[in-house]
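Report on one structure; see the data block that follows.
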Amino acid sequence: MSELSIQDELGVSILRALAAMVESGELPSAVTLPDAITLDRPKNRDHGDYSTSVALALAKPAGLPPRNVALAIQKHLEADASLKGVLKAVEIAGPGFLNLTLDTASQAEIVAAILSAGEKFGHGKVLDGVSINLEFISANPTGPLHLGHTRWAAVGDALGRLLSAAGAKVTREFYINDRGNQMDLFGASLRAAALGQPTPENGYHGGYIQDLATDIVAQHPEYVGLDEAAGTAAFRDAGYALQLAQQQSVLETFRTHFDIWFSEKSLYENNFFNHCLDRLKEQGHVFMDGGATWLRTTDFGDDKDRVMIKSDGAHAYFASDSAYYISKRERGFDVLIYMLGADHHGYVNRLKAIAACAGDDPEYNIDVLIGQLVKIMEGGEEIKLSKRAGTIITLEELVEKVGVDAARYTLIRYPVETPMVMDVDLLRSRTNENPVYYVQYAHARICAVLRNAADLGIAYGASVFKPELLVHERERELMGSLAEFPRMLAHAAQLREPHRIARYVEELAAVYHRFYADCRVLPMGDEPASDLHSARATLCQATAQVVANALGLLGVEAPEKM
RNA sequence: GCGCCUGUAGCUCAGUCGGAUAGAGCACUCGCCUUCUAAGCGAGUUGUCGCUGGUUCGAUUCCAGCCAGGCGCGCCA
């Protein structure tokens, strides 16, 4: 079997047909042929296994009626010897669509391909060799992770898995804002709580502050006696360590792993920031004004120039952004993905401007994903998200209520640019409204069938598989869906849209359930085992593999029993 | 004012190299377990794809303008 999938093979054959048509004068030589042919899966099964509108697209430049173009392509495909045994029929429909129907045995090769590739089935090379830095969450270490962070935890982690599967070399990074006056405020709030004093103005509230303060005092009773400056610093550092450890621990239980926890403070160690500043100066976009040091980001589409070093000598947050960008690039990453909340979308232009100021190509080196904030409904009312008010749903609480699988799946299955409403009551009720159960059930169901097959002594697997037996419409439908997985994965990776995986696997589960309802897999009663039983069991095995692979990309378990 | 996102069925939402009759779940009605997991399957009902124009063989999809909602525009972090 060739390296090419059947879709690819058909696409290449059509391109060959087009080239031959130019050769023979059936198409004017002035017509520019497409680089690749896209084959769609028609919604209507009467339209074959794949369809293409290439004839429609070429009709105009060729100055020919679309049907004539389609007829010529059809003629060449039917004469193509390499498609014997692959393509069963080529039909022309509507204004000039070409509908292709595959030969059964050829279509069923996908089953063997899946079993052969196993966990790797679907993985591809569209991002081969690309070194990607994927930064997400990057919450302040001044409190627990809330639901907004949780969306990024789920989506970011799934995106990391997806990009890796597409061939990219991915490093997941969490940026710790461990510098600046928010940290000092955090320290002052903890100290106040420990001393039983009122929370400072704009300080941090919430029960966790009191809890942290209590823990710190238990470990370091001497902190209570320190003066304000020393005490604030001591509580800040101790609170930071505890809070960061808490975030790290809860993320691990959420199956979200980071390769690097990057400290903002570290950007100012070992003269690194000055090194970055020098690099930016070399590019000529740094200037002084009013005693401050600026980056002229307006050279590259930003609304206004940005201060890096304030006139009082302090580093503005933008200084960190700039240095952090350069750090990532110097560590060898080609593509930097930033996942930001909608309230930070104003940063897109300035981030891209940093890249341009550093002499890079913002369109290639920076990829910013903007996620709309999550709203939470409980008891029919919206809960406002406010880290400081203390009325937050944390990642831990969400997991406690609905479990890791349901939480991750629900958060991933919507495009991030869609504002999302999570109904806590609904998720807590564990009804079937959550499609994760639907998908997991399909997997568990298949596993049950395969267990029974083994008990009955039915052999299944690539070695006994007879592809020509799978002629039932439901079987063909199922194999068609399975064959879509690699292409879907590549597309989702390129678009950075993990939600497509969830949508795909839901459809696959639906197709499997239909197959299951119409096609008996195992022998009934005393019926003797046949090759068809084996073939169907093998198809089930391949389906379970793809469902498991898809759920694996989402970080959701594929249970063998439910 | 400028910028970004959103507007699709009663509700929650899918649908981006433009494609054939616009989909799913929930909800509602009715069927299917004396054999593989009924957490399932099947049938039925629901639409000015925000509005108006443009591009073309074809627009929910691309472009422009408008309407509505959300968010952002600091020598804060």
Side-chain angles (χ1 to χ4, degrees), chain A residues 34-36 38 40 42-44 46-47 51-53 56-57 59-60 65-66 93-97 99 140 142 177 179-183 185 202 264 289-294 303-304 306-312 314-318 320-321 341-349 370-373 375 413-421 423 426 430-435 437-442 444-453 455-456 458 491 495 497 499-500 502-503 506-507 509-510 512-525 527 533 536-537 540 561-562:
Chain A
D35 297 330
T38 52
D40 300 313
K43 293 171 206 156
N44 188 332
D46 295 337
H47 296 155
S51 76
T52 177
S53 60
L56 291 170
K60 177 102 187 235
F97 291 102
N99 294 333
N140 290 336
T142 54
N177 299 127
R179 189 187 142 272
N181 56 25
Q182 286 301 317
M183 288 303 294
L185 209 46
N202 296 324
E264 180 189 354
D289 185 51
T293 305
W294 299 68
D303 300 336
K304 53 185 68 172
R306 306 289 168 180
V307 169
M308 291 197 289
I309 304 175
K310 296 186 268 186
S311 50
D312 66 2
H315 296 280
Y317 193 75
F318 187 71
S320 298
D321 287 338
D343 53 342
H344 287 74
H345 73 251
Y347 289 33
V348 177
N349 282 342
I370 297 298
Q372 295 297 314
L373 302 181
K375 286 184 185 171
R413 82 183 279 267
Y414 301 96
V416 291
E417 66 268 20
T418 302
M420 180 181 171
V421 180
D423 188 327
L426 195 62
R430 303 195 64 133
T431 64
N432 301 330
E433 180 122 1
N434 191 331
Y437 295 117
Y438 181 82
V439 174
Q440 290 183 316
Y441 181 71
R445 196 180 221 187
I446 296 170
C447 290
V449 171
L450 294 179
R451 279 193 298 272
N452 295 338
D455 289 347
L456 291 170
I458 310 274
H491 196 207
L495 295 173
E497 292 185 348
H499 78 272
R500 288 173 183 276
R503 301 292 170 164
E506 285 168 32
E507 174 61 23
Y512 179 78
H513 286 312
R514 282 198 287 274
F515 156 80
Y516 180 89
D518 288 355
C519 296
R520 176 78 197 188
V521 177
L522 302 176
M524 297 178 74
E527 186 188 351
H533 295 129
R536 284 181 171 170
C540 286
K561 290 182 183 173
M562 285 175 77

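Lettering follows sequence order; numbering is per chain, from 1.
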- Item | Nearest to side-chain heavy atoms of A:Y437, which nucleotide of B:rA39, B:rG74, B:rC36 | B:rA39
- Anything under 30° is parallel, anything over 60° is perpendicular, the rest tilted; go ahead and classify A:Y347 against A:H344. perpendicular
- Message: Please classify the nucleic acid contact of A:A93 as base, sugar-phosphate, or nothing, using heavy-atom distances under 4.0 Å.
- Response: base
- Using the P atoms only, state how far B:rA14 lies from B:rC73, rounded to an integer number of Å. 26 Å
- Classify the side chain of A:N99 and the base of B:rA20 as holding, or not holding, a donor-acceptor pair under 3.5 Å. yes
- Item | Note, A:H533 side chain near A:L522 side chain (heavy atom, < 4.5 Å) | no
- Task: Write down the distance separating the P atoms in B:rG1 and B:rG65, rounded off to the nearest Å.
- Result: 14 Å
- Query: So what does A:D289 touch, heavy atoms closer than 4.0 Å: a base, only the sugar-phosphate, or nothing?
  - Reply: base
- Distance from A:S51 atom OG to A:N44 atom CG, nearest 0.5 Å? 10.0 Å
- chi for B:rC33 classified (syn = within 90 degrees of 0, anti otherwise) as syn
- Please report, rounded to the nearest Å, how far the C1' atom of B:rC75 is from the CD1 atom of A:I309. 11 Å
- Query: Does A:P42 or A:L450 map to a spot on RNA chain B nearer the 5' end, using the closest nucleotide for each?
  - Reply: A:P42
- Looking at residues at least two apart in the chain, or sitting in another chain, which of them share a side chain to side chain contact (heavy atoms under 4.5 Å, CB included) with A:A510? A:Y438, A:R514
- Task: Check every strand shown and say whether A:R520 touches a base, only sugar-phosphate, or nothing at a heavy-atom separation below 4.0 Å.
- Result: base
- For B:rU12 versus B:rC67, give the span between their P atoms, rounded off to a whole number of Å. 25 Å
- Determine, for A:Y516 and A:R445, whether the Lys NZ or Arg CZ falls below 6.0 Å from the six-membered ring centre while staying within 45 degrees of the axis. yes
- Message: Please give the distance between the P atoms of B:rU29 and B:rA68 as a whole number of Å.
- Response: 40 Å
- Message: Heavy atoms only, 4.0 Å cut-off, all strands: where does A:G96 land among base, sugar-phosphate and nothing?
- Response: nothing
- Task: Identify whether any heavy atom of A:E264 sits under 4.0 Å from a base atom; if not, whether one sits that close to sugar-phosphate; answer base, sugar-phosphate or nothing.
- Result: nothing
- From the list B:rU37, B:rA77, B:rA20, which nucleotide is the closest neighbour of the side chain of A:H47? B:rA20
- Listed range with range, the stems formed with RNA chain B by at least 3 consecutive Watson-Crick or G-U pairs (under 3.5 Å) are B:1-7 with B:67-73, B:10-13 with B:23-26, B:28-32 with B:40-44, B:50-54 with B:62-66
- Query: Distance from A:Q182 atom CD to A:N202 atom CG, nearest 0.5 Å?
  - Reply: 8.5 Å
- Item | CH2 on A:W294 to CE on A:M308, rounded to 0.5 Å | 11.0 Å
- Return the nearest nucleotide to the side chain of A:R500; candidates are B:rC75, B:rU16, B:rC36. B:rU16
- Note on the structure: A:E497 CD to B:rC13 C1', in whole Å, measures 15 Å
- Message: Which nucleotide wins on minimum distance to the side chain of A:Y414, given the candidates B:rC36, B:rC76, B:rU12?
- Response: B:rU12
- Task: Assign A:H491 to base, sugar-phosphate, or nothing according to its heavy-atom contacts below 4.0 angstrom with the strands shown.
- Result: sugar-phosphate
Enumerate all atom pairs, one protein N or O and one N or O from nucleotides 4-8 of chain B, separated by less than 3.5 Å.
| from | atom 1 | to | atom 2 | distance (Å) |
| --- | --- | --- | --- | --- |
| B:rC5 | O2' | A:Q372 | NE2 | 3.2 |
| B:rC5 | O2' | A:E417 | O | 3.1 |

- C1' atom, B:rU60 versus B:rC76: distance in rounded Å? 42 Å
- In whole angstroms, the gap separating P of B:rC71 from CG of A:D343 amounts to 10 Å
- Message: Quick check for you: to the nearest 0.5 Å, what is the distance between A:L456 atom CG and A:E527 atom CD?
- Response: 11.0 Å
- Query: If you look at every strand shown and take non-hydrogen atoms under 4.0 Å, does A:K561 touch a base, only sugar-phosphate, or nothing?
  - Reply: base
- Pairwise P distance for B:rU55 and B:rC41, with rounding to whole Å: 46 Å
- Message: Going by side chain to side chain contact (heavy atoms under 4.5 Å, CB included), name the residues that satisfy it together with A:D321, two or more places apart in sequence or in a different chain.
- Response: A:Y317, A:F318, A:I354
- Of the listed nucleotides B:rC13, B:rA77, B:rG15, the one nearest the side chain of A:R503: B:rC13
- Separation of atom CG in A:L495 from atom C1' in B:rG15, rounded to whole Å: 13 Å
- In whole angstrom, give me the gap between the C1' atoms of B:rA20 and B:rC57. 13 Å
- Message: Taking only side-chain N and O atoms of A:N202, does any of them lie within less than 4.0 angstrom of OP1 or OP2 on B:rA77?
- Response: no
Would you list the protein and nucleotides 57-60 of chain B atom pairs, both N or O, that sit under 3.5 Å from each other?
| from | atom 1 | to | atom 2 | distance (Å) |
| --- | --- | --- | --- | --- |
| B:rC57 | OP1 | A:K60 | NZ | 3.3 |
| B:rC57 | OP2 | A:K60 | NZ | 3.3 |

- Of the candidate nucleotides B:rG72, B:rC76, B:rA14, which contains the atom at the shortest distance from the side chain of A:P415? B:rA14
- Message: Expressed as a whole number of angstroms, how long is the span from A:D321:CG to B:rC75:P?
- Response: 14 Å
- Message: From C-beta outward on A:K304, which listed nucleotide comes closest to its side chain: B:rG74, B:rU37, B:rC75?
- Response: B:rG74
- Message: Within the 4.0 Å heavy-atom criterion, would you say A:A292 contacts the bases, only the backbone, or no part of the nucleic acid?
- Response: base
- From NE2 of A:H344 across to C1' of B:rC76 the rounded distance in Å is 11 Å
- Note: for A:D40 and A:G525 on RNA chain B, the residue whose nearest nucleotide lies more 5' is A:D40
- Message: Between C1' on B:rU37 and CG on A:L522, what's the gap in Å once rounded to a whole number?
- Response: 12 Å
- Report the distance from atom CG of A:N140 to atom P of B:rC76, rounded to the nearest whole Å. 17 Å
- Query: Could a donor-acceptor pair under 3.5 angstrom be found where the side chain of A:S51 meets the base of B:rA20?
  - Reply: yes
- Query: Distance from A:I370 atom CD1 to A:E417 atom CD, nearest 0.5 Å?
  - Reply: 10.5 Å
- Pairwise side-chain contact, A:N177 with A:S320, heavy-atom cut-off 4.5 Å (strictly under): no
- Task: With heavy atoms under 4.0 Å as the rule, sort A:A342 into base, sugar-phosphate or nothing.
- Result: sugar-phosphate
- Query: Going from CD on A:E497 to OH on A:Y414, what distance comes out if it is rounded to the nearest 0.5 angstrom?
  - Reply: 15.5 Å
Under 3.5 Å between N/O atoms: give me all the protein pairs with nucleotides 41-45 of chain B, atom names plus distance.
| from | atom 1 | to | atom 2 | distance (Å) |
| --- | --- | --- | --- | --- |
| B:rC41 | OP1 | A:Y438 | OH | 2.5 |

- Query: What nucleic acid atoms does A:N177 come within less than 4.0 Å of, heavy atoms only: base, sugar-phosphate, or nothing?
  - Reply: nothing
- Message: Using the C1' atom as the point on both nucleotides, what is the distance between B:rG54 and B:rU8, in whole Å?
- Response: 22 Å
